[in-house]
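Comments concern the structure below.
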Amino acid sequence: MRLQGVSKNSKENTRQYIYRVLRENIMSLNLKPGESIGEIELSKILNVSRTPLREAIVQLIEEKLLEVFPQRGSFVSKINLNLVEEAIFVRETCEERILKMACLDENTDELIKKLEKNIEYQKIILNFEGDLHEFFTLDNEFHYILFEHYNKKNSWKAIKRLSTHYDRLRLLDALEKTNIEATLNQHIKIVDLIKNEDKNNVDSLVEKHLLNYKDVIKKYEAKYPEYFCSK
């Protein structure tokens, strides 16, 4: 097991440190869906005791990122498409609402400026074949900008807590480069909706944007069968 980002931050306690490292490695797909997580090995790698390690594991189990099977041990949760659908349901509802707020807002100059700056960074990664993990981060940031602008940061945090399976699928989709150009173009269209105060086309664009992966999900299940659960 090889973990990334194992340097401890000065402000985090041991449990927080373990939780952050494991969560980041799971969400970045460095720890693959279905991969075994050995407590003894983790303790050695992170130089931590078993008590805070188990506390962090319990927290990740609650977030449906780890599963524990008696006599077998802990494993990274496989991607559950039922949980993906549930996350999309919540996110679609919230994103449609936030975009309609933006379309009805007469003072969006600063918001548009931030969104367009984000889009330019996305273009750089695409044009120069940059790190697609960074593109995925910018994709998330694009949507966060909207929630932050309308003082809905806690709503965004709640969405992200529900989206662990959906976000891993989205990252897989980005790394496969299947919908990456479509994602960028849809971000541009979202900004155009705001500029044109076009709230009537918000629902259809948000639905299309959040369901980019739908057309290729069978391909991913065939290529990475070990990543998905059958539930």
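We number each residue from 1, following the sequence as shown.
Atom CZ in Arg161 sits 14.0 Å away from atom NZ in Lys64 (nearest 0.5 Å). The NE2 atom of His209 lies 6.5 Å from the CG atom of Asn212; values are rounded to the nearest 0.5 Å. Taking CD1 of Ile119 as the reference point, atom NZ of Lys117 lies at 13.5 Å (rounded to 0.5 Å). Taking CG of Asn196 as the start and NZ of Lys189 as the end, the distance is 13.0 Å to the nearest 0.5 Å. Atom CZ of residue Phe228 and atom CG of residue Asn80 lie 10.5 Å apart, to the nearest 0.5 angstrom. Here the CZ-OG distance, from Phe136 to Ser28, works out to 10.0 Å after rounding to the nearest 0.5 Å.
Closest of all the heavy-atom pairs between Leu42 and Leu22 is CD2-CD2, 3.8 Å.
Counting non-hydrogen atoms of other residues, nucleotides and ligands closer than 6.0 Å to NZ of Lys157 gives a total of 12 or fewer. The number of heavy atoms from other shown groups lying within 6.0 Å of CZ (Phe89) does not exceed 12. Within a 6.0 Å radius of CG in Asn47, no more than 12 heavy atoms belonging to other residues, nucleotides or ligands are found. Sparse packing is recorded around CD of Glu181, with 12 or fewer heavy atoms of other residues, nucleotides or ligands lying under 6.0 Å away.
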#### Entry: side chain to side chain donor-acceptor pair (under 3.5 Å) assessment of Glu86 paired with Asn82
CA-CA 6 Å; Glu86 187 173 355; Asn82 289 329; over 6 Å; no
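Among residue pairs with one or both ends in residues 30-42, those qualifying as salt bridge (charged side-chain N to carboxylate O under 4.0 Å, His left out) are Glu39-Arg50, Glu39-Arg54; sequence neighbours excluded. The list of salt bridge (charged side-chain N to carboxylate O under 4.0 Å, His left out) pairs with a residue in residues 125-143, not counting sequence neighbours, reads Asp139-Arg170.
Between His187 and His143, the angle of the ring planes goes over 60°, which puts this pair in the perpendicular group of the 30/60° scheme.
Between Arg20 and Glu24 there is a salt bridge, with a side-chain nitrogen of the basic residue lying less than 4.0 Å from a carboxylate oxygen of the acidic one.
Cluster membership check: Leu184 shares its hydrophobic cluster with Phe128, using side-chain heavy-atom separations under 4.5 Å among Ile, Leu, Val, Met, Phe, Trp and Tyr. Tracing side-chain contacts under 4.5 Å through hydrophobic residues (I, L, V, M, F, W, Y), one never reaches Leu104 starting from Leu111; they form parts of separate clusters. Leu83 and Ile26 fall into different hydrophobic clusters, where Ile, Leu, Val, Met, Phe, Trp and Tyr side chains are chained together by heavy-atom contacts under 4.5 Å.
A search for side chain to side chain donor-acceptor pair (under 3.5 Å) contacts involving Asp198 returns Asn201, not counting sequence neighbours. Residues that satisfy the salt bridge (Lys or Arg N to Asp or Glu O under 4.0 Å) test with Lys123, not counting sequence neighbours, are Glu120. Scanning for side chain to side chain donor-acceptor pair (under 3.5 Å) contacts around Tyr220 gives Asp173, Thr178, with sequence neighbours left out. Applying the salt bridge (Lys or Arg N to Asp or Glu O under 4.0 Å) rule to Lys218 yields the partners Glu221; only residues at least two apart in sequence or on another chain are considered.
Between Thr14 and Leu46 there is no side-chain heavy-atom pair separated by less than 4.5 Å.
The side chain to side chain contact (heavy atoms under 4.5 Å, CB included) with Tyr19 is formed by just one residue from the set Leu60, Val58, Leu53; it is Leu60.
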